[in-house]
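Take a look at the structure set out below.
Source: prediction; values computed, not measured.
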Amino acid sequence: MDLFVARVVDGFNNGVIYGFLALALVCVYRGTGHLNLAQGEMAMFSAFTAYAFYAAGLPVVLAILGACVVGFIAGGVVERVLIRPLGHHADYSILLVTIGLFLMLNAGAGVIWGGDPLPFPAPVPSTPDDYISFLGTRLRYQQILVFVVLVVVMVGLFLLFRFTRLGLAMRATASNPDSARLMGMRVNQINGLGWMMAAGVGALIGALVAPSTTLTTGMMFNFLIYAAAAATLGGFDSPVGAVLAGIVLGVVENLVGSYVDWVGSDLKQAVALVILLAVLMVRPTGLFGTKKVERV
Amino acid sequence: MSLPYRIPAGSPLDRGWRLARVAAVVVLVLALPYLVATFQLSQITSALILAVAVVGLNLLSGFAGQISLGHAAFFGIGAYTTGVMTVTYDYGAWTSFVVGMLLCFVVGVAVGLPALRVQGMYLALVTLAVGVLLPSLIRRFDDLTGGSSGLFGMELAPPDTAYFAGRAGETVWMYYVTVGALVLSCLVVWNLMNGRMGRAVVALRDNEAAAIVMGVNRAFVRTVVFGISAAIAGLAGSLFAVSAGVLTPESVSLLLTINLLVAMVLGGRASFWGPVFGGLIIYFVPIWTSDLSQGPISGVLFGALVIALVFLMPGGLTGGLTSLVHRVVVVEPRPPVDLNEDPVPDAVPPDRPEGPGEERVPAGHTATG
Amino acid sequence: MSLLEVRDMHAGYGGGDVLHGVDLTVHAGEVVVVLGANGAGKTTLMRAVSGMIPRRGSVELDGTSIVRESADGIVRRGVAQVPQGRGTVVDLTVEENLRAGAHVRRGKGLAEDLDRWFTTYPRLAERRRQKAGLLSGGEQQMLAISRAMMSRPRLLLCDEPSLGLSPLLTEELFASLTSINQELGMAILVVEQNAMIALGIASRGYLLEVGDLGPSRPADEIAADDSIRAAYLGA
């Protein structure tokens, strides 16, 4: 029983990271309707930025917030300089630019901070004794913090999209950019804002999970794929769906990997992908996504 | 004489110009083994193997307009089929090539099935999932594939003649086999795109609803194109296995997919020469950038180059070269008036003759120079 | 001074001009109709006025040039458009579409305006929480008009509102355009293929023929012109 709970909790913690990064993907998708392949690397780079602030003497919390601000601004710059000039329908060009960014950031972090893992401090106490016992398993403060921040961000985004004038404009823009312009919305600025929010959220994730994963240039690589899976399952337009899907993926993946011998640890991650394939076959818009409805 | 110089299509000059280009390529291909060192020839072979894979990807993504982030998987299936069959079960390499292509075709059709339901970004994710699955499958079934420690000893024995003897001879042999595979896959794509199937593929890409109304069998066309595209990528994988002699899960990772994609777009999407240029770029540019500077800086340069080319050469290298050539020489369609007959009314468009070597590329896409 | 003053406007889609020097005037509070066959450039005219496609020449709103203004800026200056094919945001609910329509205004009076349009079109009120994509063609057209009106424009542009509607619905729709004009004093510019019904609510009309717009004439005079009846009214 204890082992089962521990495995659920482990999977849950992974799932939280998937869901968190999926939120960032959702922000970009909300804006431009594109998948940013460099999202994970932007988060990784921001985590290193936070490390730089910390190494320069800032307290951890301020260092993380500073990295979020830098990420937020950088996201806007990337959108303005590299994405917007390509136009709205240049799917391939945008995909390629995000691939180029991916390569640059990944290699760039290595150039600046070297290839070795760096220690990154958690903003909460994280000695081996800092945990809460829960049904016989240990919930570390660090993991609780990540989860709490995730919930806060998710609820914040949900409220923004659902109840504010700006959120309404973002949804209208993602769904029908031409109509949005005819309603007086500044579509380009709204897209830029989506990128900024995504990069800011990404910076938060990078810095928060760095203490558990250690800070390396490859830390986000695998997460991005599962985040994309989570965002797809959750339906790219639903922040709550993306987070739930991320957590479900994390838990199912860990349980199947632990209890089905045939799968084992090698194929554990494949479970998430098989779920993704299966769901897309049945519901092409994801589990929680709104079906595009149209009647002529 | 003012530039660009204009040549009427179908005139002797035009035919000569085409013939000259083909002749130049043939001469270059045949002369290369004598011009460059063995090591460089093996590098060129590796680049051309990538080009074969890009030809496959280009059929699916360039001509048919379907994004794939999973072509490394098909490459990997081909590579590991050859690896497992020749090393573990002692089959001949040629047999394994055929089996690998058939297997890739079947898997490609299977992956093409969800592509009937999902498009665009979702299709990208489905294929991404397939691409990420393969390396974990290879690790899981390590008794068959060697897992993370890899698979060794694949080779394609050259025919027993003096010309292909020794290490240098083997390299030349591998080079010719690769060139042959490249020509073969180009011909397959060319024939496909210039026939009934090609019109269906382009119609589906440009306006699916209209194509279906016109009687295009969407499911058949989409899945078969996916299958053929996968089989060509698989052939490239098999070649890679015998030319490199070693296979690891890393060699068929997402990075390979990214490289193939970059190669396709940089070479020139939906063009016939594009994949060749793209394969050469993607193989040699990282080598040059790492010559320029040590370590990860080369990665930064490569990424920057990818972004720069998207902005500076939107039609890819083929597009860039074509417009460069067009500043000097333009082949004009034949004027509509035929001297032997009454003048044809203006409304009838001139019909271009279908001479040998005639390249026809779907409207809206860059033709090769 | 007229509300909208277009002089020598050229516009097209990159492949050459569709409109070759168009002159058009709309005075405050009047309904003006532009008649034209398929392909005459009616939608191009609308998109050019609202800034959705690049245009040259002079376009003035209340004496201020808006020819360099962006599409969203023109909305903020008080020109709302009901695009062809309605342009509702299908993923938003009916109420969200209306709220989005009020994007350019700050909150004041939003609730009253929602009420007003839900009273005008009770069918929208019944479906306020449904996705706009689930509405019928007629309901979507009502939604598109009220959504445009939510921005409290000075000038309403309607691009073929009758497209795809039954004759009965078309009549209903033009009746409500008339009441919008009369009750709110709203200036309306309509482009239509359905000449008879459009002339019925307009004071002046233009004929658009492959990119050229003639001088305007009183609507009843056009309606009585036999050659026009033959060309547009199918009589």
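Atom CZ of B:Phe220 has 12 or fewer neighbouring heavy atoms from other residues, nucleotides or ligands inside a 6.0 Å radius. With a 6.0 Å radius and a threshold of 12 heavy atoms from other residues, nucleotides or ligands, A:Arg7 has its CZ atom above the threshold.
Remark: B:Leu255 CG to A:Leu103 CG distance equals 7.0 Å, nearest 0.5 Å. Atom CG of residue B:Leu128 and atom CG of residue A:Leu224 lie 8.0 Å apart, to the nearest 0.5 angstrom.
Of the listed residues B:Leu137, B:Leu309, B:Leu305, B:Leu133, the one with more heavy-atom pairs under 4.5 angstrom with chain A than any other is B:Leu133.
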From CA spacing to verdict: side-chain contact (heavy atoms from CB on, under 4.5 Å), B:Val310, A:Ile94: CA-CA 9 Å; B:Val310 169; A:Ile94 290 177; over 6 Å; no
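Between A:Leu95 and B:Val265, the closest side-chain pair of non-hydrogen atoms is not below 4.5 Å. Inter-residue side-chain proximity for A:Pro85 and B:Phe311 is flagged as met; some heavy-atom pair is nearer than 4.5 Å.
For the pair B:Ile307 and A:Leu101, the tightest heavy-atom approach, listed with the atom from each and the gap, is CD1-N, 3.7 Å. Residues A:Ala107 and B:Val300 come closest through the heavy atom pair CB-N, 3.4 Å. Considering every non-hydrogen atom in both A:Tyr226 and B:Val132, the closest pair reads OH-CG1, 4.4 Å.
Both the backbone and the side chain of A:Leu96 come within less than 4.5 Å of a heavy atom in chain B. If you measure heavy-atom distances from B:Leu254 to chain A, the contacts under 4.5 Å come from the side chain alone. Looking at B:Leu69, only its side chain comes within 4.5 Å of chain A, counting heavy atoms on both sides. Heavy atoms of A:Leu82 lying under 4.5 Å from chain B belong to its backbone as well as its side chain.
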